[in-house]
Amino acid sequence: MFKYEVIKTCKQSGARIGKLYTPHGIVDTPVFMPVGTNATVKSLAPRDLDDINASIILSNTYHLYLRPGHDLVKKAGGLHKFMNWNKPILTDSGGFQVFSLSKMRKITDDGVTFSSYIDGSKHYFTPERSIEIQEALGSDIMMAFDECTEGNADFKTARKALDRTMSWLDRCYKYKNKTAENQIIFPIVQGNMYKDLRLESLERILPYAECGFSIGGLSVGEPKEVMYEMLDILKPHYPSGQPRYLMGVGSPDCIVEGIMRGIDMFDCVLPTRIARNGTAFTKYGNLNVRNAKYKEDFTPIEEDCDCYCCRNFSRAYIRHLIMSGEILGGKLLTLHNLHFLIKLTENIRNAINEDRFGDFYKEFISNYDWNKKI
RNA sequence: GGAAGGAUUCCCGAGUGGCUAAAGGGAGCAGACUGUAAAUCUGCCGGCUCCGCCUUCGAUGGUUCGAAUCCAUCUCCUUCCA
């Protein structure tokens, strides 16, 4: 039921395009997956996601387990039906919450105790529990339950987290309902910023990978160059027939750099979160529409962008909405930012298909500056 | 006409003799955000030649070593009684 085909490798850059077949449709890679943690990409309806050509989205095991509860989602007919999204869904395992809720959890080799961010109640997560919940949700791609560490973790901590992630991975697969062919597990490479650990991790997860695997624990506070270094180390050792998913990345520049380094799938909260906070992606850098200089700027966010936001509304109007706390402001910028990344991957796929991604890369990187304020 | 209360930095609003350029909100200005505890959070927010100085708490004058804080007069506002 799951299959990955490499369609073409760019002669100029070595980057590739492919097709990931899932029970809910085909995903063209490289792909950016919008994040819908709570069974919704914040502020958007599925129709909006269709409009910007989103082909797969991500949701979260831990959040949906806490509320409304995976049993309820199952009763509703599964996550796809519950949220009325008929294309593929990938669920994160709760592994990232091991990291992001560090002040509210306790880890042992067996599992993790979390205090609910909603009401403080205690909950125990294990690899088995995570898979059980993801099976109840019915996502296409389930993530292995892993331990993600801080970008500056010492070797001993990274080593321990890696070993724990490996043992948890084994338990995930052992628990998985083998008869359920409509769901697949992606194992996750960890190893923090230690090259030898990264390589070891990749080697150890590959026997588990059936049709795709992830690189986790990056973009967690380390400089971008360090992340790129890690990707460079891993690249020669990837099997070609499986998609590689770089978790939690990213920004436009990180996506372009990632694809150059062999990555096929990305997800990130950045486009949706910064949109709600008033920032828009552009091909030159970030535009903070709250800035006073846009008060009487009646041009669109990006003149040549064909998204609904840019075709119909001015910077001045969106600024007014954001400054007034109006919900439409965040929605319009969310549409723009997601469209920006999805269109970016589309353009890259075309470039790869035409053996000119090397040129595309050079041009993009020369124009783009994450730190530039538009 | 009489009585009472009040006027504080862009707005609201604390503050009743030194620790006050003046709490706290709001607005404004800027920044952060990368498998979402985030429509959140952080910083600035009288002026300057900025480790110090100058101007500010309705106005003017006074008491005091020292006042937004006490006194006098005035101006304006609110409420109540005629």
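All heavy atoms count here, side chains included; hydrogens, waters and symmetry mates do not.
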With sequence neighbours excluded, residues passing side chain to side chain contact (heavy atoms under 4.5 Å, CB included) with A/Ser251: A/Lys224, A/Asp253, A/Cys254, A/Leu270, A/Trp370
Euclidean distance for P, B/C57 against B/G61 (whole angstrom): 13 Å
Sugar-phosphate, base or nothing in reach of A/Ile188, heavy atoms under 4.0 Å: base
Touch class at under 4.0 angstrom, heavy-atom based, for A/Gly217 against every strand present: base
A/Asp170/A/Lys174 salt bridge by N-O under 4.0 Å criterion: yes
Touch class at under 4.0 angstrom, heavy-atom based, for A/Gln190 against every strand present: base
Sugar-phosphate, base or nothing in reach of A/Met104, heavy atoms under 4.0 Å: base
Base paired to B/C44 (Watson-Crick or G-U; both N/O distances under 3.5 angstrom): B/G28
Touch class at under 4.0 angstrom, heavy-atom based, for A/Gln97 against every strand present: sugar-phosphate
Among A/Phe360, A/Phe357, A/Tyr361, the one residue meeting side-chain contact (heavy atoms from CB on, under 4.5 Å) with A/Ser13: A/Phe357
Sugar-phosphate, base or nothing in reach of A/Asn38, heavy atoms under 4.0 Å: nothing
A/Tyr308 and A/Asp48: side chain donor to acceptor below 3.5 Å: no
Sugar-phosphate only, base, or nothing, as touched by A/Gly250 at under 4.0 Å among non-hydrogen atoms: base
Sugar-phosphate only, base, or nothing, as touched by A/Leu58 at under 4.0 Å among non-hydrogen atoms: sugar-phosphate
Sugar-phosphate, base or nothing in reach of A/Ser43, heavy atoms under 4.0 Å: nothing
Check ion pair A/Asp196-A/Arg159 (N to O, under 4.0 angstrom): no
Pairwise 5' ranking along RNA chain B for A/Asn371 and A/Lys103, keeping only the more 5' one: A/Asn371
Sugar-phosphate only, base, or nothing, as touched by A/Asn277 at under 4.0 Å among non-hydrogen atoms: base
Where chain A begins and ends its contact with RNA chain B, read 5' to 3' at 4.0 Å from heavy atoms: B/G28 to B/U40
A/Lys195/A/Glu229 ion pair, N-O < 4.0 Å: yes
Closest-nucleotide ordering on RNA chain B, the 5'-leading residue of A/Ser251 and A/Ala292: A/Ala292
Those residues that, when tested against A/Thr40, pass side chain to side chain contact (heavy atoms under 4.5 Å, CB included) (two or more places apart): A/Asn38
Touch class at under 4.0 angstrom, heavy-atom based, for A/Lys373 against every strand present: sugar-phosphate
Touch class at under 4.0 angstrom, heavy-atom based, for A/Ser214 against every strand present: nothing
